[in-house]
Amino acid sequence: MQQLLSPTISYPSPLFHLTSHPFPPKPHFCPTHRLSFYPPPKMASFSGFLAKSQMGMTAAAGGGDGANGFSSLMDYVGKGGLDVGDDLLVLLYHIQFACKRIAALVASPFNSALGKHSALTGATSGTAASDRDKPKPLDIVANEIILSSLRNSGKVSVMASEEDDAPIWINDDGPFVVVLDPLDGSRNIDASIPTGTIFGVYNRLTELDNQPTEEKALLNSLQSGTKLVAAGYVLYSSATILCASFGSGTHAFTLDHSTGDFILTHPSIRIPPRGQIYSVNDARYFDWPEGLRQYIDTVRQGKGKFPKKYSARYICSLVADFHRTMLYGGIAMNPRDHLRLVYEANPLSYLAEQAGGKGSDGKSRILSIQPVKLHQRLPLFLGSLEDIDELESYGDVQQKVNPGYEV
């Protein structure tokens, strides 16, 4: 008991050395030990029982624990479920393993001390970012956690991250390319505002295998969103939720902290064709183009094609705002050239489309835009199909100037 009350504070090194085998040990997290792993207690899972009783669902797609009547992430996507294939299954296991570690780190009472950790304070990002967007210590740690897990999976040839200048070539034989934002919204973390991880998975372009390493790493990372084979996000909030698609719908899984399993809680999410919520920083209203101002004025007065007044809900955390939009409908947007096509817009647009919604830059389908730069930025509008179609009909909705504040 004394040990639990007085945990030893240990800081992660820039790289985390995990045991290298296809399936690492199942993690279990103790709330008083940051990044602590130990065997799960020998007791029934209360949250598993709760999931069963509240959802009243059977194991989806033939997977899951028949005795308990609910499905874990690995059951759902494995054989007997979606059966995404052994390679992708192993990769997904390592991604969710890394995100559990990030979830524990984000929730730790000691994460603010990372800013004083000498190994991290000197780290800088290669992206040309403003002071607002410069990587925080937790961004760096999250990036290293995921990189370590992807290395250990043996299934990834290239990782391209928002935190790195250039893609990292990992493995000549890895069948997949992973693009990611390791910790979106991290500048809000001191206020305990939700954050998230965003990722997309492509097949490696084998026709580039004979090219120089830097060239093939870059070209593999600049694939169009139409070529995604999987995408997802993990929301770190009052619950830790992993939402993913493998090309057959969008599904969300909630972390059961007593077992370390992600449990299916939102199968086959469908974004309502209409919502009554718009999510945007409307303090910038007077900087917006006329079309966007007209659209917002119209829907919040209930004078649009949907005759009800819209409400504003804005967290300023992309994953959190998008997750709410996925469940309730409406639009989450940033009209400026601010969000990154490769790491944020493409994966989230893929999830939106798989759930019956839409991702747009205000004029064009996001997934049809060919990236030309690794850190390419653009406006982003995500959400209900009819809402975004109505928004686009106003024409001038992209904010191309940023008077008085930095991108």
Side-chain angles (χ1 to χ4, degrees), residues 82 179 181 184 194 196-201 224-235 237 241-253 264-280 292 295-296 298-300 304-306 308 310-315 317-335 338-369 378-394 397-398:
L82 295 180
V179 297
D181 181 349
D184 177 76
T197 295
I198 304 170
F199 64 89
V201 180
S224 164
T226 56
K227 296 183 179 180
L228 280 162
V229 297
Y233 63 81
V234 180
L235 173 66
S237 185
I241 297 175
L242 188 155
C243 184
S245 177
F246 306 91
S248 56
T250 298
H251 318 281
F253 304 78
L264 179 65
T265 51
H266 300 77
S268 301
I269 294 172
R270 302 301 294 174
I271 301 177
R274 281 277 182 184
Q276 279 184 259
I277 298 172
Y278 69 90
S279 180
V280 66
L292 183 57
Y295 170 76
I296 294 297
T298 300
V299 298
R300 64 185 176 189
K305 293 181 180 179
F306 186 57
K308 290 189 177 181
Y310 281 44
S311 297
R313 299 286 186 273
Y314 183 58
I315 303 172
S317 177
L318 177 60
V319 171
D321 282 317
F322 178 63
H323 181 70
R324 182 196 55 246
T325 303
M326 288 275 285
L327 299 182
Y328 301 154
I331 301 182
M333 66 181 96
N334 190 324
H338 181 71
L339 297 173
R340 292 165 175 84
L341 173 60
V342 172
Y343 313 114
E344 296 165 319
N346 270 337
L348 296 184
S349 295
Y350 181 82
L351 291 169
E353 288 196 8
Q354 287 292 319
K358 188 173 182 179
S360 170
D361 70 348
K363 295 181 179 180
S364 306
R365 178 191 182 213
I366 290 289
L367 296 184
S368 298
I369 299 173
L378 78 176
L380 180 60
F381 303 85
L382 296 162
S384 297
L385 182 62
E386 293 178 16
D387 282 319
I388 292 185
D389 284 345
E390 182 176 357
L391 169 79
E392 290 178 335
S393 72
Y394 282 76
V397 297
Q398 297 178 330

TODO: Only counting residues at least two apart or in another chain, list the ones meeting side chain to side chain donor-acceptor pair (under 3.5 Å) with Tyr295.
DONE: none
Task: Gap separating the CZ atom of Phe306 from the OG1 atom of Thr298, nearest 0.5 angstrom - done: 15.0 Å
- [ ] With sequence neighbours excluded, tell me which residues meet salt bridge (Lys or Arg N to Asp or Glu O under 4.0 Å) with Arg365.
- [x] Glu353
Task: For Ser349 against Leu382, the heavy-atom pair lying closest together - done: OG-CD2, 3.5 Å
TODO: Go through the steps to decide whether Thr325 and Ile331 satisfy the test side-chain contact (heavy atoms from CB on, under 4.5 Å), and finish with yes or no.
DONE: CA-CA 6 Å; Thr325 303; Ile331 301 182; 5.8 Å; no
Open item on the list: Asp184: which residues meet the salt bridge (Lys or Arg N to Asp or Glu O under 4.0 Å) condition with it, sequence neighbours left out?
Closed with: none
Open item on the list: Suppose we screen for salt bridge (Lys or Arg N to Asp or Glu O under 4.0 Å). Which residues come up paired with Arg313, at least two apart in sequence or across chains?
Closed with: none
Open item on the list: Which residues pass the side chain to side chain donor-acceptor pair (under 3.5 Å) test with Thr226, not counting sequence neighbours?
Closed with: Ser224
- [ ] Measure the shortest side-chain to side-chain distance between Val397 and Pro335 over non-hydrogen atoms and say whether it is less than 4.5 angstrom.
- [x] no
- [ ] Taking atom types as modelled, find out whether Asp387 and Tyr310 have a side-chain donor-acceptor pair closer than 3.5 angstrom.
- [x] yes
Open item on the list: Check this for me: Tyr394, atom OH, are more than 12 non-hydrogen atoms of other residues, nucleotides or ligands nearer than 6.0 Å?
Closed with: yes
TODO: Taking Tyr350 for its side chain and Gly247 for its backbone only, find out whether a donor-acceptor pair lies under 3.5 Å.
DONE: yes
TODO: Output the distance between atom CD (Glu344) and atom CG (Leu348), rounded to the nearest 0.5 Å.
DONE: 7.5 Å
Open item on the list: If I compare all heavy atoms of Ser248 with all of Leu82, which pair ends up nearest, and what's the gap?
Closed with: OG-CD2, 3.8 Å
- [ ] Would you confirm whether Ser384, through its side chain, and Gly330, through its main-chain N or O, come within 3.5 Å as a donor-acceptor pair?
- [x] yes
Open item on the list: Less than 4.0 angstrom from a charged side-chain N to a carboxylate O is my criterion; do Lys358 and Asp389 meet it?
Closed with: yes
Task: Considering all heavy atoms, the nearest Asp321-Ala332 contact - done: O-CB, 4.1 Å
- [ ] State, to 0.1 Å, how close Gln398 and Lys363 come at their nearest heavy-atom pair, and which atoms those are.
- [x] OE1-CE, 3.6 Å
TODO: Go through the steps for Ser360 and Glu392 under the test side-chain contact (heavy atoms from CB on, under 4.5 Å), then give the verdict.
DONE: CA-CA 9 Å; Ser360 170; Glu392 290 178 335; 2.5 Å; yes
TODO: Kindly indicate whether the side chain of Phe246, heavy atoms from C-beta on, has any atom under 4.5 Å from the side chain of Val229.
DONE: no
Open item on the list: Can you confirm whether Leu378 sits close enough to Ile369 that some side-chain heavy atom of one is under 4.5 Å from a side-chain heavy atom of the other?
Closed with: yes
Task: Residue pair Val179 / Tyr343: nearest heavy atoms and the distance that separates them - done: CB-CD2, 4.3 Å
Task: Spatial distance of atom SG (Cys243) from atom NE2 (His323) [nearest 0.5 Å] - done: 7.0 Å
Open item on the list: Nearest 0.5 angstrom please: Ile271 CD1 to Gln354 CD, how far?
Closed with: 11.0 Å
- [ ] For Ser317 and Pro194, indicate whether the former's side chain and the latter's backbone hold a donor-acceptor pair under 3.5 Å.
- [x] yes
- [ ] State, with a plain yes or no, whether a side-chain heavy atom of Leu391 is found less than 4.5 Å away from one of Glu386.
- [x] no
TODO: Check whether any side-chain N or O of Thr250 sits under 3.5 Å from a backbone N or O of Leu351 as a donor-acceptor pair, and report yes or no.
DONE: yes
Task: Atom pair CG/CG of Leu339 and Asp361 - distance to nearest 0.5 Å - done: 12.0 Å
- [ ] Return yes if some donor-acceptor pair links the side-chain N/O of Ser245 with the main-chain N/O of Gly249 below 3.5 Å, else return no.
- [x] yes
Task: Under-4.0 Å salt bridge between Arg274 and Glu390 - done: yes
TODO: Answer yes or no: is there a side-chain heavy-atom contact under 4.5 Å between Leu341 and Ile366?
DONE: yes
Open item on the list: The test is side-chain contact (heavy atoms from CB on, under 4.5 Å); show your working for Leu380 and His338 and say whether it passes.
Closed with: CA-CA 8 Å; Leu380 180 60; His338 181 71; over 6 Å; no
TODO: Answer yes or no: is there a donor N or O on one side and an acceptor on the other, between the side chain of His266 and the main chain of His251, under 3.5 Å?
DONE: no
TODO: Please round to the nearest 0.5 Å and tell me the distance separating atom CG of Asn346 and atom CZ of Arg340.
DONE: 14.0 Å
Task: Ring-ring centroid check Phe322 Tyr233, cutoff 6.0 Å - done: yes
Open item on the list: Which heavy atom of Ile198 sits nearest to which heavy atom of Val319, and what is that distance?
Closed with: CG1-CG2, 3.6 Å
TODO: Please identify each residue that fulfils side chain to side chain donor-acceptor pair (under 3.5 Å) with Gln276, with sequence neighbours left out.
DONE: none
